Every structure is written in structure tokens, then in C-alpha cells.
Amino acid sequence: MSLPAISFSEDQAEAWDRVAELLRGAGVDLLDGSLSPDATGKTDVMAVLGKAGSGKTLLLAELTRALTAAGVETVSGDYEGKRRKERRTLAILAPTNKAASVLRNRGVPATTIHRILYTPVYDPEYEKIAEWLSGTGTRPVIDSLAIAGLTDLALDRAKAFFEQVKSIPGALAAAGLKGSDFIKGWKRREDPLDIGFVDESSMLDQRQLDDLREIFPTLVLFGDPAQLAPVGQSGEMVFDKLPASKRLELHRVHRQEADSPILDLAHALGDPALDFESFEDMVRDAARRDGRVVVAERVEAGLMARSPVLVWRNQTRIRLIQAFRSAYGAPEDELLPGEPLICDGIELPLKHRKKRIDLEARGLIKGAQVIYLGPGRKPGFSRLHVVGAEDPNLSAASIIKIERPDEEEPFIPFAARMGAAFLHGAAVTIHKAQGSQWDTVQVFAPDLYAAYRAGRSEAGAPLWKRLAYVAITRAQTRLMWVVRNRLARPQSPLGTDDLPKGAAPLSLAPDDEL
């Protein structure tokens, strides 16, 4: 079996061979680059498992490049042309927008599971432009299009954008078009695809896996068995049910160019003899040696606006949120622009199913991290920035709930009758943080000590170690281990100027509101 030019470890090379064998059975031969129809008629699922730093993402990226070189077409979820009998397809999926954006930042064209389950319906006139951009049609003649105000210069801008970023909505937005112009709705996918790679598969529940099996005859799950299982699955992850022959383990932890003290701490948690006090001593030792680990005496309010404090207990989360809002002088009856939110689901009756699909397709799925930009143009609407979404800005009917300590019912500063529900996002539980990463992460150590004292286990491991492992590995560059229940006041006012605008953000005109 030929491997990419990149140097693989022995276990990565073995995993490559096993996945390549699976793909060859599905009609894609990475050895000679040949494609043939998948005639097996059955679903085959394999899992590639390993802890942080074991090379799962590198393997996923190299397999994606090899499939592309063999002629397999990557489906992004933002536009899909007419299906051709001879084509073979690949989708790289993640459970959340933030997890998908982490992959995209590493050059892997990932999308969310929702964006594959539901596909956009384009206006026929704009679909001609989409076909041209995607290489399946000729350049449209402006005079023949029934699109008012569109110019050849606008088409040139769309083409230049698409050559840099393979996003049809982004390219059309670069031409000055609004999402409501060219996308008329969303429909449940009817045609199956071929191959699905699913990152962060430890977050999948059984229903999601069943949905994916209906679409993909060949599935490869990439996951970390040391993370936390989805709530309600009794500590079990979907890949735990696969036979041993279908689970590939990457055991070696790869050193990076600059050794990571954060990864060293995460992997130290695998020692069965390690207790909490000894681990905290290791954190202090790491902080003395390396500035990427900090033992902090208080939580930094300024970081909470974009990187939530990670906690175990809900009561801790609520108290930190109240402290954050108080530090910024936020009034009780409204939100300040720049306050972080977490989508808690969509509260719409069945007759509004289309609007639910619209919101989910734009990134407002449960667990999505969102920044409040200000009130919308209709009562009960909010302008929002969906973190990690490809087209992040939208306006949506909102039900915003702010929980208070020792009060059973949340305070609702304002709300539409129905729409997307949100909780405050300045602090989140470690369970909800799974799948996300931030440059700097604050971990509230007193909560992990409480989990240690509780003596609970999950799937055979002490719960505090699983919590600590997930929390630590959310940090990309810097880990702040907070040891006191205190809050440092912010150094500057809350705002939104720091948010990425993108090359061509979609308009927030009233007819774009969902």
C-alpha cells in the first residue's frame, strides 16, 4: 500500500491501510486511484480512535487529500449540483459548527451533520451561477438571467471568491446577493452519498449514527475514547458497540515542533495512581516551566466573552455568569452587544418545520456558540453571530434565558413567542464544551476537586479525570488553571469589533430574518 509523502508512525500507517482496504471494498482504490460503483449494498462502519495528539486529524486530512486526488467529489452541504451516475462522493462531518470550523482552519473542508441531512433549494436562475462556479456549467450571460442589478463585475467577484474559498453562498454574497435571494428553502436529503468521515464522534448519539447510516454506505468515525460520552448514554459511545475488528487504536502520542505542556498534562491523567492533589502539583510545575500553562488566582472576565470558563456544576456556571454580567454592568432587562450565548434548541411547533430547518442550516443547532450583536428589526428578534458558521451573521426570533442563583425559573429579558432558545455562554459545562476549542481556556479547578471528592466514575474511569482531560484539551495555545472562586474585572468595555466579518458577510435586511 502506497502512503502519502508525509511520514506516518507505525500505528497511523496500519490505520491508513485498514481504512484504504475499507474504501477499496466500497469502490475507491487509493493505490491506483481508480473508482468504481459501490455495489455492496450494505453499510460498513469503522472507527479510528486515539487520544489528543495521536494523529487522528492528520490521518483524516491525508485520507481526504488522497480521495480528492482519486477523483472523489467532496460535498460541502452549501450547494449540490445535479447528481451524476459516475461520481463518487465524500463528506467530512462534525457534530457542531465549532468542531467543523476547527477542521476547516486546518485545511479540511468540513461541514456539520445538519448541513448534510438537509440540503438547500436554490432559485433556478441563481443555480445557473452555482453550476458555473462549481465547474458543471458555463458562465451565465447577464442579459439572459432574470436577476435585477447583477453585473459581469459582480460575477467576476463571485468567481474570485470561490477560487479562494469553496463556498457557493459566500461567492454569491461577494456578488452582493442576499441569502434569501438564492436559497428558497431546505429539504431533507433524498439521495444517498458514498463516504462519510465523522470527526469528534464521541459526541454522537445513536439516533445521529442511525441517520448517517441511512445516507452513507461507508462511514469512518474519528473519536477520542477518553472524552465524555453524550448525556443519556450511560457512559457509552457509539463506537463502543462496534466489533473489535472495526475499531482501530492510535496509541502513539506525536510530539509537535514545540512540545505541548497542555498535552503532557492531559496524557498524565491516564496514570491510575494519580490523584487530584498530585495532578495539581503537576500543573504548578508545568506553569513554572512554560508560559502556556498558568495557575490563576481568579477568573478573567475579559476572556469569558469569547472563551467560556469550563465548569462541572451547573450552580458554578450560573454564579460565574452572574458575576460576568455584573462586572460589565449589564442591565437585568437587556443584553449588551458582545455578550456570549449558547443555543439551547429551537422552540417551534411542527407547522413551522421549514423555519426550524432554516435556522439549523444556518448554524443554530443545539450547543452552537453565538455572540449577541443587538436587537433585530422586529420585536423579539436578535441579530446574532454564530461562531464557526461559514455565513455567521443572521437575525432570528429569540428566547433568551438568563439563569439566576437559587432561582428555579430563568429570567427572560425579552423573547419572541417562539424561535431559537439561548442560555448565557460566559461559562459552560465541560460536557457542552466537548468538540470546541479555543486559543485560551480557563478551567475552574474547584469544580474538578468537587468531582474528585464525590468519587464518581464514568465508563470505568474516575469522572474528575475525564472532566479534566476534556477541559484541558479544549485549549489550543494556553491553559489557565483557576484555583480560586474570584473574578478579575475586565480591562475594556464589551463590544463586537473583534468578531471576524468574513470576506462577504450576508446581509441582515428584514427579509433575511428567520
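Note that the structure is predicted; figures quoted are calculated from it, not measured.
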Checklist entry - Going through the checks in order, is the side-chain contact (heavy atoms from CB on, under 4.5 Å) test met by Thr57 and Val102? => result CA-CA 10 Å; Thr57 301; Val102 169; over 6 Å; no
Checklist entry - What pair of heavy atoms forms the shortest contact from Trp16 to Ala66, and how long is it? => result CH2-CB, 3.6 Å
Checklist entry - Donor-acceptor pair, Ser326 side chain versus Gln322 backbone, under 3.5 Å? => result no
Next on the checklist: Assess the residue pair Phe279 and Trp464 against the criterion (side-chain contact (heavy atoms from CB on, under 4.5 Å)); give the C-alpha distance rounded to whole Å, side-chain angles, the decisive distance to 0.1 Å, and a yes or no.
Outcome noted: CA-CA 11 Å; Phe279 179 71; Trp464 79 268; 3.9 Å; yes
Donor-acceptor contacts under 3.5 Å from residues 477-493 side chains, at least two apart:
{"from": "Thr477", "atom 1": "OG1", "to": "Asp439", "atom 2": "OD1", "distance (Å)": "2.6"}
{"from": "Trp481", "atom 1": "NE1", "to": "Glu280", "atom 2": "OE2", "distance (Å)": "2.8"}
{"from": "Gln491", "atom 1": "NE2", "to": "Arg489", "atom 2": "O", "distance (Å)": "3.4"}

Checklist outcome for this item: For Phe324, the ring-ring contact (aromatic ring centres under 6.0 Å, His included) test, sequence neighbours excluded, returns Tyr328, His424
Checklist entry - Considering all heavy atoms of both residues, which atom of Arg306 and which atom of Gly495 are nearest to each other, and what is their separation? => result NH2-O, 2.7 Å
Next on the checklist: By the definition side chain to side chain contact (heavy atoms under 4.5 Å, CB included), identify the one residue from Ile92, Leu212, Val45 that meets it with Val198.
Outcome noted: Leu212
Item to check | Option passing side chain to side chain contact (heavy atoms under 4.5 Å, CB included) with Tyr469 (candidates Ile430, Asp224, Leu265) | outcome: Asp224
Checklist entry - Just wondering, do Arg313 and Val311 contact through their side chains at under 4.5 Å, heavy atoms? => result no
Checklist entry - Between Glu334 and Glu339, what is the shortest heavy-atom contact and its length? => result O-OE2, 4.4 Å
Checklist entry - Got more than 12 heavy atoms from elsewhere within 6.0 Å of CZ, Arg456? => result no
Checklist entry - For Val441 and Ile262, what are the C-alpha separation, side-chain angles and deciding distance, and is it a side-chain contact (heavy atoms from CB on, under 4.5 Å)? => result CA-CA 11 Å; Val441 165; Ile262 298 171; over 6 Å; no
Checklist entry - Within a strict 4.5 Å, meaning less than it, do heavy atoms of the Phe197 and Leu59 side chains meet? => result no
Item to check | For Gln434 against Ser202, the heavy-atom pair lying closest together | outcome: NE2-OG, 4.0 Å
Checklist entry - Are the side chain of Arg474 and the backbone N or O of Val470 linked by a donor-acceptor pair below 3.5 Å? => result yes
Item to check | Audit row: Leu335, Phe422, side-chain contact (heavy atoms from CB on, under 4.5 Å) steps and yes/no | outcome: CA-CA 12 Å; Leu335 291 178; Phe422 298 94; over 6 Å; no
Checklist entry - Between Arg466 and Ala461, what is the shortest heavy-atom contact and its length? => result NE-CB, 3.7 Å
